[in-house]
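Proteins come first, then strands; the chains are lettered A, B, ... in the order of their sequence lines, and each starts at number 1.
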4 protein chains.
Amino acid sequence: MAMVAERAGVAAGTIYRYFESKDALIMGTYADLEGRLLKKVKEDFPEQGTVREKFHHLARVLVTQWISSPVQFRFLEQFHNSPYGAARRREKMLDGNKDICAGIFAEGLEQKLIKELPLPMLFALFFGPLVYVSRDHILGFFTLDGALLNQAIDSCWSAVKR
Amino acid sequence: MAMVAERAGVAAGTIYRYFESKDALIMGTYADLEGRLLKKVKEDFPEQGTVREKFHHLARVLVTQWISSPVQFRFLEQFHNSPYGAARRREKMLDGNKDICAGIFAEGLEQKLIKELPLPMLFALFFGPLVYVSRDHILGFFTLDGALLNQAIDSCWSAVKR
Amino acid sequence: MAMVAERAGVAAGTIYRYFESKDALIMGTYADLEGRLLKKVKEDFPEQGTVREKFHHLARVLVTQWISSPVQFRFLEQFHNSPYGAARRREKMLDGNKDICAGIFAEGLEQKLIKELPLPMLFALFFGPLVYVSRDHILGFFTLDGALLNQAIDSCWSAVKR
Amino acid sequence: MAMVAERAGVAAGTIYRYFESKDALIMGTYADLEGRLLKKVKEDFPEQGTVREKFHHLARVLVTQWISSPVQFRFLEQFHNSPYGAARRREKMLDGNKDICAGIFAEGLEQKLIKELPLPMLFALFFGPLVYVSRDHILGFFTLDGALLNQAIDSCWSAVKR
DNA sequence: TATGAATGAGCCTTCATTCAT
DNA sequence: CATGAATGAAGGCTCATTCAT
């Protein structure tokens, strides 16, 4: 909290006018980040395109965003790996509100284009590699240029498509 | 450290005779865990089998181990996500010592069975989903029975194979 | 201070237009409360009664007020136990202004009805038990009905009378 | 806690090896103090004396102790006025273990020497003035010499005796 | 070699007070 | 006059590490 305050150029106590606690700050920051990410996804979204095109769009936008701001990516990763990340997912599963990702999977399933597997597994197959690929790019283990990203997304598509 | 000492049945200070610091303890624990994991992989390893069979064996053993001991899985995950995990990988890349996983990929590449992509990317495509699938099983988002595990591994194989 | 402001329906800073500091607010609140208490004592005060009757009236009114509003009682108690309580008493001793309580004691002394002891000691003998009895009633250690209150006051009277 | 540590000549963290929390430190300190007080009461206790003599002994020892160490007296007072003091009393009432004070009251009641009133009320009548008298002596409102103390105790006895 | 008491920097949070608006 | 955002010292507590025994 001290570091956050310092970077924000305010005193430590000031944070607590805007966030009830450290946890609230983390949750709020996550929600904000996710919102901005999804907003980017919705821009130029190929509403009329094929499912495959939608997946490509989604994946490309996400990965592009992630690797363009490593600090945010680290934050998202850590959030997902924390108990709060798990809690958030559990909540999300309960309220029927499909988010945009789940929507694309649903469409793919409906059209019998992708495998009939539990949704979390489809997510794992499709997003797992994208997250790892982004991380390794950020860490410098290899360079993810446009061509490689395309191949990565194709591979993910291969994993989930029938 | 206090908890570790207590579980070990020794005094807090004793740890420091065996490990220079908390970090060293974590690194050592990781190395030990990884060693045991790889040992399990080597048991019944289909030395004479096809590359695909080797991948299947590797994946099945790993996932089985992971989900059979969630605490260890959490530890491995956290380690990989920490700066020390990255440091370790960097070191590994430098010394030419191929570990068993890299070996299988090398074999697949040699036989032109899998895509010609940077090794970290192949790892991401193959192991990313496996890790995520294991995590979601542990968190209870779905149940990974034998059939689903098979489909998961097949999907991962689809992602990396030519 | 934040809570006080909220209950008062004003902003936090507004308090400082009316009270110089938290301490001043506390002192002012105490003075107000004491004033109201003494006002109640003066209503129906048996100006023509015996000293014993005056003591009874005084004690009954005070205890009745105290236990009818536990929050105020807590405040008075805490105030008396604080350095400010002591300071206030010291000031009071200096200015010759006898308050109503001291007046009754003076009358009793004059009429040789009560023991010749230092005033603070007479106060202790008479009010100490009343405060404690009120506190224990509020805390629920016993129930102070009218009969018990009468006995309590009689006992206090026994303690100070010759 | 910082001040306690400093006075104890240890680092802040050291306290927590001996007391689980600030509350535990307070409770422990109180128990210790009370124990020492009661030990003093038991020395030279007139086991064969009359109830009145026992009360006199008890009161004299307590007041003498209190005023001989004002800091401890302040602590005891604050403790009794805190929620923990109330909680402690409640616990004590539940376990039948009569403490030495309650024992003397019981004896007095048995011998029909003191009024039949609820125990908390008898405590209030007898100890209330003693506490107040000690406090006022410590604050310098008057000087409690041996003679005055005797009169105070006699007065308290008058308050509770039949 | 093992112990475990001691350390102290650091953590999150609160709250009386100020001051530009 | 009132506001309320900002302040920052202080609070209780944790924990990796050290060192005399």
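- Positionally, the nearest nucleotide of DNA chain E for B/Arg17 lies more toward the 5' end than for the other of B/Arg17 and A/Met3.
- Aromatic ring pairs are classed by plane angle as parallel below 30°, tilted from 30° to 60° and perpendicular above 60°; the pair C/Tyr30 and C/His80 is perpendicular.
- The salt bridge (charged side-chain N to carboxylate O under 4.0 Å, His left out) analysis of residues 79-93 of chain C, with sequence neighbours excluded, yields the pairs C/Glu34-C/Arg88, C/Glu34-C/Lys92, C/Arg89-D/Asp136, C/Lys92-C/Asp99.
- Within the nucleic acid shown, C/Phe19 has no heavy atom closer than 4.0 Å to any nucleic acid atom.
- Both C/Ile15 and A/Thr14 lie near DNA chain F, and the one whose nearest nucleotide falls closer to the 5' end is C/Ile15.
- Between C/Leu76 and C/Trp66, some side-chain heavy-atom pair lies under the 4.5 Å cut-off.
- Remark: B/Phe127 engages B/Phe123 in a ring-ring contact (aromatic ring centres under 6.0 Å, His included) (not counting sequence neighbours).
- Not counting sequence neighbours, the partners of D/Arg36 by the salt bridge (Lys or Arg N to Asp or Glu O under 4.0 Å) test are D/Asp32.
- Residues of residues 74-85 of chain D that place a heavy atom closer than 4.0 Å to DNA chain F do not occur.
- Residues that satisfy the side chain to side chain contact (heavy atoms under 4.5 Å, CB included) test with A/Lys40, not counting sequence neighbours, are A/Glu43, A/Val61, A/Gln65.
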How is the base pairing of DNA chain F summarised as a dot-bracket string, given the Watson-Crick and G-U wobble criteria with both distances under 3.5 Å, [ ] for crossing and | for another strand?
.||||||||||||||||||||
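- Ring planes of D/Tyr132 and C/Tyr132: perpendicular class, angle over 60° (limits at 30 and 60°).
- Minimum atom distance to the side chain of B/Val10 is reached by E/dT3, of the listed E/dT3, F/dT7, E/dA6.
- In this pair, A/His137 and A/Phe142 present their aromatic rings perpendicular. The plane angle is above 60°, beyond the 30 to 60° band.
- For the salt bridge (charged side-chain N to carboxylate O under 4.0 Å, His left out) condition, the pairs that include at least one residue of residues 67-77 of chain D, sequence neighbours left out, are D/Arg74-D/Glu77, D/Glu77-D/Arg135.
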Going 5' to 3' through nucleotides 16-21 of chain F and flagging B where a protein heavy-atom sits under 4.0 Å of the base, S where only the sugar-phosphate is that close, and - otherwise, we get SBB---
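- Annotation: side chain to side chain contact (heavy atoms under 4.5 Å, CB included) contacts of B/Ser69 (sequence neighbours excluded): B/Gln72.
- We find that CD of C/Glu6 is positioned 13 Å from P of F/dT3, with the value rounded to whole Å.
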Hey, can you pull the donor-acceptor pairs under 3.5 Å for the side chains in residues 7-25 of chain C, sequence neighbours left out?
from: C/Thr14; atom 1: OG1; to: C/Ala11; atom 2: O; distance (Å): 3.4
from: C/Ser21; atom 1: OG; to: C/Asp23; atom 2: N; distance (Å): 3.4
from: C/Ser21; atom 1: OG; to: C/Ala24; atom 2: N; distance (Å): 3.2
from: C/Asp23; atom 1: OD2; to: C/Tyr84; atom 2: OH; distance (Å): 2.4

